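Since this is a predicted model, take the numbers as computed values, not measurements.
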Amino acid sequence: MAILLLAEHDNRTLSDQTARALTAAREIGSEIHVLVAGKDANAAAGEAAKLAGVSKVLLADSDALANNLAEPLAALIVSIAGGYDTIIAAATASAKNVMPRVAALLDVAQVSEIIAVVSPDTFKRPIYAGNAIQTVQTTDAKKVITVRAAAFQPSDAGGSVAIEAVQAAADPGLSSFVKDAISSSDRPELTSAKIVISGGRALGSSEKFKEVILPVAEKLGAAVGASRAAVDAGYAPNDWQVGQTGKVVAPQLYIACGISGAIQHLAGMKDSKFIVAINKDADAPIFQVADYGLVADLFDVLPEFEKAL
Amino acid sequence: MKVLVPVKRVVDFNVKIRVKPDNSGVDLANVKMAINPFDEISVEAAVRLKEAGQATEVVAVSIGPAKAEETLRSALAMGADRAILIETDDTVEPLAVAKILKCVADTEKPGLIIVGKQAIDDDSNQTGQMLAALLGWAQATFASKIELGDQKAAVTREVDGGLQTIEVKLPAVVTTDLRLNEPRYASLPNIMKAKKKPIEKRIAADLGVATAPRLKVLKTEEPATRKAGIKVTSVGELIEKLRSEAGVL
Ligand SMILES: Cc1cc2nc3c(=O)[nH]c(=O)nc-3n(C[C@H](O)[C@H](O)[C@H](O)COP(=O)(O)OP(=O)(O)OC[C@H]3O[C@@H](n4cnc5c(N)ncnc54)[C@H](O)[C@@H]3O)c2cc1C
Ligand SMILES: Nc1ncnc2c1ncn2[C@@H]1O[C@H](COP(=O)(O)O)[C@@H](O)[C@H]1O
């Protein structure tokens with residue numbers, strides 16, 4: 001039977017995370033339908049229709065679907081679930097919100113944040129902040145899966161398939177959207193950037209964070225991340241947090257500045273290709289995973305680094 | 001309004017766990033256990049609602065071994081009024097936890113259930129959403145702010161691009177994120193008082209909920225390890241290595 005892939009989008013553009021989840025879906029089966037649920041999301045559906053390996057795009061359009069509210073979105077997915085034996089999505093905030101609701105409504109388990117497909121019913125997933133990797137086999141007839149996007153390469157564009165309209169399910173009317181405070185920036189998205197530079201508690205203030213980290217990010221075309229300590233202290237916004245309970249990234253280059261390297265932080269970045277650590281404590285645990293460590297005061301070396309680039 | 005707070009007994013977040021050499025699981029013998037950090041945040045949120053006069057009673061509930069009583073005592077010491085322990089020595093997956101919690105909610109009839117966003121052992125991030133689905137209630141996940149109104153709550157949620165505020169009808173399920181609050185330390189007198197607070201105990205198997213696991217764990221392995229690289233002594237050397245050795249600049 002077919003696979004339903006829930007697309008991540010902002011009604012205009014399709015997230016690169018969907019192309020990555022598609023790669024996981026293609027390892028499970030070949031008939032893949034992408035569901036684009038939103039309001040006036042034709043452009044995002046158009047992008048999905050071009051991805052290689054997609055058989056069909058389903059576009060559901062309704063006001064209730066405009067803001068990723070869990071209840072109407074889950075109702076929609078459940079209403080079409082009968083035709084699928086696998087329902088899959090990249091583990092974005094939106095999918096983490098809705099997919100377990102779908103799984104419970106279908107009375108099946110969810111397999112969260114898979115990092116490898118062993119066979120169509122067997123997957124690898126990290127537990128304990130990535131300190132152990134479990135191989136699990138589902139026994140449910142229907143599978144609900146979220147994918148750790150950083151563990152899969154994005155599928156390329158290459159196809160061109162039909163976009164079919166599907167009816168939105170009735171909105172249960174349990175919740176309503178009030179407002180978004182979404183940060184906009186010209187920098188690349190954290191989860192798909194080739195280079196990420198992150199700052200920790202050592203930065204000391206949001207002003208210093210901006211003054212010292214951002215110029216280097218600009219020069220490198222890098223996305224900016226942060227440790228939980230930096231976010232909690234208000235030096236960086238919540239959506240920059242990298243780690244067990246933040247975003248998981250695996251860029252070509254990860255530069256950790258003034259971050260000690262707690263297991264919860266490592267959980268979000270230790271699969272990066274190259275890791276640079278800048279820390280004035282030579283014994284900081286971050287150096288145990290760094291390819292290149294520089295024991296120094298970040299306030300001295302980051303401006304120097306920026307100038308030398 | 002009554003607030004129900006599920007709390008899970010998990011390995012303390014400071015412990016670096018070890019995988020058993022035969023790949024049959026994680027070695028939990030003699031490991032320090034604690035209340036799941038997100039559940040501590042939930043208890044704090046519930047107790048603050050009570051202190052603000054918006055909640056009348058805070059009930060903590062845990063599903064797990066007899067020792068989960070310790071976890072419930074920590075919740076009681078923080079200010080929960082009473083607790084319920086649903087005992088089982090089996091592994092209970094999020095779906096089964098949600099089904100058991102639904103049973104508890106059906107009798108307790110809370111106006112709000114505050115669940116942790118994620119248990120730091122299985123890292124599933126499922127239970128609250130599943131519970132909301134089973135109850136047919138609204139859900140507001142990853143909350144960094146909860147404002148109770150009349151029969152409704154405005155919840156600010158941590159999402160990928162920043163923050164989203166939604167309004168949910170009550171009763172509802174809210175799951176807590178790290179920035180919601182900073183949990184208090186229980187004072188010694190409150191720890192003593194908690195010893196006398198009631199804990200109702202029930203056996204999971206008696207609830208008539210199907211809890212058999214849906215996932216078969218075939219093996220548990222160590223992750224690929226990274227070895228420490230080299231220390232560079234200057235910015236110049238770092239840039240040179242990144243250019244010529246790593247080829248990433
Ligand atoms: C449930 C739970 C979930 C969590 N989830 C996450 C998560 O997702 N992501 C995350 O990051 N953390 C997470 N944490 C928190 C984690 O345990 C650590 O507390 C946090 O990562 C520490 O942040 P830090 O490294 O910035 O701060 P610190 O540990 O305080 O480290 C600061 C570092 O900066 C160095 N330093 C200070 N001044 C300078 C200077 N001038 N120049 C250079 N170096 C300097 C110090 O030597 C030190 O190593 C979580 C914790 C819990 C309990
Ligand atoms: N055995 C349990 N007992 C009580 N609450 C639980 C249990 N398992 C999970 N929960 C709750 O569900 C949340 C999310 O867990 P999970 O879905 O496993 O990541 C936890 O933070 C708890 O609030």
Side-chain angles (χ1 to χ4, degrees), chain A residues 69-71 74 92-93 96-97 100-101 103-105 108-112 122 126-140 174-183 228 232 237-239 244-245 252-253 263 270 274 276 287-295 301 304-305 308, chain B residues 11 13 16-17 19 26 93-95 98 117-118 120-126 129-130 132-134 137-142 144 154 158-169 178-179 214-223 226 228-232 235-236 238-239 241-242 246 248:
Chain A
L69 293 176
E71 301 87 12
T92 58
K96 288 178 187 171
N97 185 35
R101 189 169 182 108
L105 292 172
V108 302
Q110 172 177 299
V111 190
S112 294
T122 305
I127 53 173
Y128 290 95
N131 286 305
I133 309 295
Q134 242 179 16
T135 304
V136 294
Q137 185 177 28
T138 59
T139 60
D140 286 315
L174 295 167
S175 60
S176 53
F177 171 75
V178 179
K179 66 170 189 237
D180 269 339
I182 300 294
S183 40
R228 174 193 171 181
D232 282 4
N238 64 281
D239 52 304
Q244 179 186 18
T245 56
Q252 293 289 309
L253 174 62
I263 47 177
K270 72 175 157 50
F274 288 95
V276 168
F287 288 121
Q288 290 162 20
V289 299
D291 299 282
Y292 304 112
L294 180 55
V295 181
V301 297
E304 190 187 335
F305 188 60
Chain B
V11 171
F13 81 96
K16 173 126 169 37
I17 54 98
V19 172
V26 168
E93 290 172 356
L95 180 62
K117 143 168 144 172
Q118 171 174 342
I120 60 161
D121 49 4
D122 61 34
D123 282 336
S124 292
N125 192 338
Q126 300 174 8
Q129 298 88 313
M130 288 181 156
L134 298 178
W137 292 4
Q139 68 184 56
T141 51
F142 325 146
S144 63
E158 296 202 354
V159 295
D160 284 344
L163 297 168
Q164 179 187 57
T165 306
I166 61 170
E167 198 170 87
V168 291
K169 283 194 180 150
L178 296 170
R179 258 71 62 183
R214 306 292 185 82
L215 302 179
K216 259 196 265 179
V217 179
L218 304 182
K219 68 178 169 212
T220 306
E221 299 161 282
E222 293 275 356
R226 264 194 107 95
I230 55 156
K231 292 258 169 66
V232 291
V235 167
L238 176 61
I239 290 181
K241 295 275 185 208
L242 290 175
V248 287

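- Between chain B and the options Val136(A), Leu69(A), Thr245(A), the largest number of non-hydrogen pairs under 4.5 Å is found for Thr245(A).
- Contacts between Ile133(A) and chain B at a heavy-atom distance below 4.5 Å involve backbone atoms as well as side-chain atoms.
- One side chain, Asp239(A) or Ser183(A), offers a donor N or O that lies under 3.5 Å from an acceptor on the other.
- In this structure, CZ on Phe142(B) lies 9.0 Å from CG on Asp160(B), to the nearest 0.5 angstrom.
- Both the backbone and the side chain of Ala132(B) come within less than 4.5 Å of a heavy atom in chain A.
- Contacts of Gln118(B) with chain A are made by side-chain atoms alone, with heavy-atom separations under 4.5 Å and no backbone atom involved.
- Within the 3.5 Å criterion, the main-chain N or O of Gln110(A) finds a donor-acceptor partner in the side chain of Gln126(B).
- Under a 3.5 Å cut-off, the side chain of Asp140(A) and the backbone N or O of Ala109(A) do form a donor-acceptor pair.
- Of the atoms belonging to Ile120(B), heavy atoms from both backbone and side chain fall under 4.5 Å from chain A.
- Interface residue Glu71(A): only side-chain heavy atoms are found under 4.5 Å from chain B.
- Looking only at heavy-atom pairs under 4.5 Å with chain A, the residue among Gly236(B), Ala228(B), Gly161(B), Ala138(B) that has the most is Gly161(B).
- In this structure, Lys96(A) NZ and Gln129(B) CD are separated by 10.0 Å, a value rounded to the nearest 0.5 Å.
- No other option in Gln164(B), Lys16(B), Lys117(B) has as many heavy-atom pairs under 4.5 Å with chain A as Gln164(B).
- Heavy atoms closer than 4.5 Å to chain B are found in the backbone of Ala290(A), but not in its side chain.
- Of the two parts of Pro223(B), the backbone and the side chain both hold a non-hydrogen atom closer than 4.5 Å to a non-hydrogen atom of chain A.
- Side-chain atoms of Val235(B) and Leu294(A), non-hydrogen and from C-beta on, do get closer than 4.5 Å to each other.
- Here Asn238(A) is the residue among Thr138(A), Ile127(A), Asn238(A), Val111(A) with the most heavy-atom pairs under 4.5 Å with chain B.
- Ranking Thr92(A), Ile263(A), Thr122(A), Val295(A) against chain B, the residue ahead of the rest is Thr92(A), based on heavy-atom pairs under 4.5 Å.
- Interface remark: Val248(B) contributes backbone and side-chain atoms alike to the contact with chain A (heavy atom separation under 4.5 Å).
- Between Arg214(B) and Glu93(B) no salt bridge is recorded (no basic side-chain N to carboxylate O distance below 4.0 Å).
- Proximity to chain A (any heavy atom under 4.5 Å) is shown, for Leu163(B), by both the backbone and the side chain.
- Judged purely by atom type and a 3.5 angstrom limit, Gln139(B) uses its side chain to pair as donor or acceptor with the backbone of Asn97(A).
- Your options are Val168(B), Val159(B), Ile230(B), and the one with the most heavy-atom pairs under 4.5 Å with chain A is Ile230(B).
- With rounding to the nearest 0.5 angstrom, the CD1 atom of Ile166(B) is 13.0 Å from the NZ atom of Lys179(A).
- The choice from Lys169(B), Lys241(B), Lys219(B) that makes the most heavy-atom pairs within less than 4.5 Å of chain A is Lys219(B).
- Side-chain N or O atoms of Asp291(A) include none that pairs as donor or acceptor with a backbone N or O of Gly229(B) at under 3.5 Å.
- For chain A, the nearby parts of Val217(B) are the backbone and the side chain; heavy atoms of each come within less than 4.5 Å.
- Under a 3.5 Å cut-off, the side chain of Arg226(B) and the backbone N or O of Val289(A) do form a donor-acceptor pair.
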